[in-house]
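Reviewing the structure listed below.
Along the sequence shown, residues carry numbers from 1.
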Amino acid sequence: MGKDFASMEDSNRCANPSIHELSDPARRQWLRGGLGATVGSLLAPLAHGVQPATDEAPPGPPPPPLLGFTAVPVSSADAVRVPEGYTAQPLAPWGDPVGLPGRMPAFNPDAGNTGAEQEAQFGMHHDGLHYFALEGSRRGLLVINHEYVDPGLLFPDGMRSWTADKLRKAQAAHGVGVAEIALRADGQWALVRPSRYARRITGATPMQVQGPAAGHALLKTEADPTGRRVLGTLGNCAAERTPWGTYLTGEENWIYLFAATEDPDAHQQRWGLRKGVAARWHEFDARFNATRHPHEPNRFGWIVEIDPYDPTSTPVKRSALGRAAHEGATVAMTRDGRAVVYMGEDARSEYIYKFVSRDRMQPGGAKANATLLDHGTLYVARFEADGRGRWLPLVQGQGPLTAARGFADLGEVLVKSRQASDALGATKMDRPEWVAVDPRTREVYCALTNNRNRGRPGEPAVDAANPRANNTMGHIIRWTEDGDFDGDTFAWHHFVLAGDPANERPQARGNVKGDAFACPDGLWIDPRGVLWIDTDMSSSVMGTGEAARLGNNAMLAADPRSGEVRRFLTGPVGCELAGASMTPDGSTLFVSIQHPGETPSEISDPDQPMRFSRWPDGGRPRSAVVAIRRRDGGLVGT
Ligand code: FEO
Ligand code: CA
Ligand code: CA
């Protein structure tokens, strides 16, 4: 998501094998496949455990270079540009029906669809996504986060009027979409509609809270005295697939949807609530009045786990993973089968977390692991100046996390993860976004997208991990745990400082080897080991002029060994790139194009909805997924 919601944080002071399942022999098979290699090699059942790259490769030709495509140039065109030999097909745009049986309302190009119709259509502002195989790489489920809405595009008259149905539509345009897709003989993907898997999870869908904060007094409301049943998920940003086959989505920017009619208390202020009304949801849904219902905001900011294969399943907010403006959650597995979940909190000067499960993953998929993320220990990262780091446990009764300091029990520690991390002295980071884990090298990456407040009076000073004042360009940090992924300590360094090397301000220049970029956001490591980087230069950053030469936002591919970065895709005007997922055979890469045509205020003029962009179909700009393939069917990126 772009700048304004981060600015609100500012006021706060701020069945395909996934990458985690790929064993090294499978990787070698893929690497040796080279150009044109497809399918099969990666579809064999693979161990879930993440193994170090220790075994010897059998004799054969050396693997081709990781990056095998010709970079695309910087672009300011209102189009998706991909390398020569590739195609990019828009898919699943906002407003198209997801395929609910008997409910497939067509998109109304003037945004005149009702709230009920929106509940059966793809939501707005696509973000993290993942492909879940049904039949290998030919048929699967595309699961997509819908992060937030632009009322100027969502409604014909923008916010000039406000009704109960407009609120219903706004809530329905948030959340998650599940759609069935199939690859046709001509190499194009098509939605399978209707589909028994199709589903919309929205800002009003019933979900359950599990883990230590479930039923806690801080989660109880007038409408839910149990503190265990929440309506909706909001601000859905990054996405990942767990090794046991479920989908994790992070709730990021939800606080601005709450109104405060009186001055918020200290807890609410720490979470960014300010007196006033940013959205008008409380007028038709009283729970969004945080003065009247002060615990309702405590029910957002969690990681939500969804079983996309079971459309009747209830999404679960996993409270053991802590509460944050969660970008997302990425799972690594310890050698003995415990889940380690890495999470960034995308807000200026907030934190990086990891959760270590108590129990081991069990065979049997989602149902066999229904409580795996409910028991364990949450940690927050402290980066020391000497390149070392420590994971500080958020355990009630330890160190400063006592009742006397306002942490009566573990539930309160988790609801107040920010305050707990403050008390522990964790490192305040430059907007931690996606985390990616390379299972072969066991390196962990986190994108720190930018932080213009760094070094300002009253704000955190520069430190070793966040070394640039007025960090408009962002950086990517990389660390390796001591021992296994559950290690208490780690060694870190910067993978790259982003920025145009031609910038006049030395602190914005960066040290990119290859194609310059700024504001890394999405990170994902594909099964060959390529680090994919999505950029989100919001207009607040581009407005500085420091990013002007970088054109539209882009997706880049990086070789983690050499550090080379190569521009793979440029997006249409005003968009950011979000997410990445591949079919198991590596022949299709899916990525979200979020908010094409975004205006500097992030709210479009309803009288000029197409002022900046007409992507993807010549009309009102619509967020969508693009499916990227090589014309010869070969591996994407080679
Ligand atoms: Fe939703 Fe941090 O981008
Ligand atoms: Ca973003
Ligand atoms: Ca993001």
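- Aromatic rings of Tyr445 and Trp479 (six-membered ring for Trp) have centroids beyond the 6.0 Å cut-off, not under it.
- Here CD1 of Ile303 is found 11.0 Å from NZ of Lys317. Values are rounded to the nearest 0.5 Å.
- By the side chain to side chain donor-acceptor pair (under 3.5 Å) test, Gln362 is found to be paired with no residue, residues two or more places apart in sequence or in another chain being considered.
- Using a 30° and 60° split on the angle between ring planes, Tyr148 and His125 fall in the perpendicular class, above 60°.
- Among residues at least two apart or in separate chains, there is no ring-ring contact (aromatic ring centres under 6.0 Å, His included) pair with a member in residues 412-435.
- In this structure, the side chain to side chain donor-acceptor pair (under 3.5 Å) partners of Glu564, at least two apart in sequence or on a different chain, are Arg566.
- Under the rule for a side-chain contact (heavy atoms from CB on, under 4.5 Å), the partners of Asp482 that lie at least two apart in sequence or sit in another chain are Arg388, Thr489.
- Lys416 and Leu218 make their closest contact through CE-CD1, 4.3 Å (heavy atoms, listed as atom of the first residue, atom of the second, distance).
- Asp430 and Asn451 form a side-chain donor-acceptor contact under 3.5 Å, judged by distance and modelled atom types alone.
- Panel note: side chain His494, backbone Asn466; no donor-acceptor pair is recorded below 3.5 Å.
- Among residues at least two apart or in separate chains, salt bridge (Lys or Arg N to Asp or Glu O under 4.0 Å) pairs with a member in residues 369-380 are Arg318-Asp374.
- Residues satisfying the salt bridge (Lys or Arg N to Asp or Glu O under 4.0 Å) test with Arg200, not counting sequence neighbours, are none.
- Residues forming a salt bridge (Lys or Arg N to Asp or Glu O under 4.0 Å) with Asp359 (at least two apart in sequence, or on another chain): none.
- Between Phe490 and Trp391, the angle of the ring planes lies from 30° to 60°, which puts this pair in the tilted group.
- A salt bridge links Arg418 with Glu345; the closest basic N to acidic carboxylate O contact falls under 4.0 Å.
- Judged by distance alone, the side chains of Glu251 and Thr233 do bring a donor and an acceptor atom under 3.5 Å apart.
- Taking each heavy atom of Val415 and Ala213 in turn, the nearest pair found is CG2-CB, 4.3 Å.
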inquiry  = side chain to side chain contact (heavy atoms under 4.5 Å, CB included), that's the test. Do Tyr131 and Thr588 meet it? Break it down for me.
reply    = CA-CA 10 Å; Tyr131 176 88; Thr588 302; over 6 Å; no

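- Gln210 and Gln208 form a side-chain donor-acceptor contact under 3.5 Å, judged by distance and modelled atom types alone.
- Partners of Ala320 under the side-chain contact (heavy atoms from CB on, under 4.5 Å) rule, at least two apart in sequence or in another chain, are Pro212, Phe355.
- Within a 6.0 Å radius of CZ in Arg139, more than 12 heavy atoms belonging to other residues, nucleotides or ligands are found.
- A salt bridge links Glu350 to Arg270: at least one charged side-chain nitrogen sits closer than 4.0 Å to a carboxylate oxygen.
- With hydrogens and angles left out, the side-chain atoms of Thr449 and Asp521 include no donor and acceptor closer than 3.5 Å.
- By the salt bridge (Lys or Arg N to Asp or Glu O under 4.0 Å) test, Arg478 pairs with Glu443, sequence neighbours left out.
- Residues passing the side-chain contact (heavy atoms from CB on, under 4.5 Å) test with Ala198 are Val98, Leu100, Ser195, sequence neighbours excluded.
- Side chains of Trp271 and Gln419: a donor on one and an acceptor on the other come within 3.5 Å.
- In summary, Lys428 and Asp422 engage in a salt bridge, as defined by a charged side-chain N under 4.0 Å from a carboxylate O.
- Of the listed residues (Glu180, Arg199, His130), just one forms a side chain to side chain contact (heavy atoms under 4.5 Å, CB included) with Leu141, and that residue is Glu180.
- Residues passing the ring pair (Phe, Tyr, Trp, His ring centres under 6.0 Å) test with His146 are His126, sequence neighbours excluded.
- The stretch residues 485-496 participates, sequence neighbours left out, in these salt bridge (Lys or Arg N to Asp or Glu O under 4.0 Å) pairs: Arg338-Asp486.
- Checking Asp307 against Thr246 by side-chain atom types alone, no donor-acceptor pair falls below 3.5 Å.
- Atom CG of residue Asn298 and atom CG of residue Leu414 lie 12.0 Å apart, to the nearest 0.5 angstrom.
- With no hydrogens or angles considered, a side-chain donor-acceptor pair links Gln594 and Glu147 at under 3.5 Å.
- A donor and an acceptor atom, one from each side chain of Ser417 and Tyr351, are nowhere located under 3.5 Å apart.
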